[in-house]
Amino acid sequence: MPYTVIWTEKALKNLKKLPRETAARIVAAVERTRANPLDHLHPLRGSPYFKLRVGNYRVILDLRKKAMIVYVIKVGKRENVYDRI
């Protein structure tokens with residue numbers, strides 16, 4: 001059974017600022033993680049969150065294994081997405 005993906009308001013706001021093709025690639029990459037998130041995600045050091053690499057962009061996610069939910073917290077360029085997590 002696949003995980004449910006929930007986008008936070010902040011993540012959707014970040015996504016809308018990106019070029020349409022880039023946003024589509026990010027959404028597709030997040031959707032691919034639904035079947036087995038741990039195959040695609042990498043833990044963030046010093047944080048309970050995970051990251052997903054999509055080219056020069058990173059997606060910060062929170063994984064709830066028991067509830068089978070992936071929360072998309074933040075989307076942005078690699079250089080500044082890790083600020084204030």
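All values below come from the heavy atoms of this structure, side chains included, with hydrogens, waters and symmetry mates left out.
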Residues 76-85, side-chain donor-acceptor partners within the protein, below 3.5 Å, at least two apart:
none

Indicate if [X] and [Y] have the same hydrophobic cluster label, given that clusters are the connected sets of ILVMFWY residues with side-chain heavy-atom separations under 4.5 angstrom.
X     : Y     : result
Leu18 : Leu52 : yes
Ile6  : Met68 : no
Ile26 : Leu44 : no
Leu63 : Val5  : yes
Ile69 : Val30 : no

Nearest heavy-atom pair of Val75 and Ala11: which atoms, and what distance?
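Smallest heavy-atom distance, with atoms named: CG2-O, 4.2 Å.
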
Shortest non-hydrogen separation from Ile73 to Lys10 and the atoms involved:
O-CB, 4.0 Å

Audit row: Val70, Phe50, side-chain contact (heavy atoms from CB on, under 4.5 Å) steps and yes/no:
CA-CA 10 Å; Val70 176; Phe50 292 82; over 6 Å; no

Filter on side chain to side chain donor-acceptor pair (under 3.5 Å), then keep only pairs touching residues 57-70, sequence neighbours left out; what's left?
Asp62-Arg64

Side chain to side chain donor-acceptor pair (under 3.5 Å): which pairs involve residues 40-56, sequence neighbours left out?
none

Can you tell me how far apart OH (Tyr71) and CG (Leu61) are? Round to the nearest 0.5 Å.
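Here the interatomic distance stands at 12.5 Å.
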
Give, for atom NZ of Lys74 and atom CG of Leu15, the distance between the pair rounded to the nearest 0.5 Å.
14.0 Å

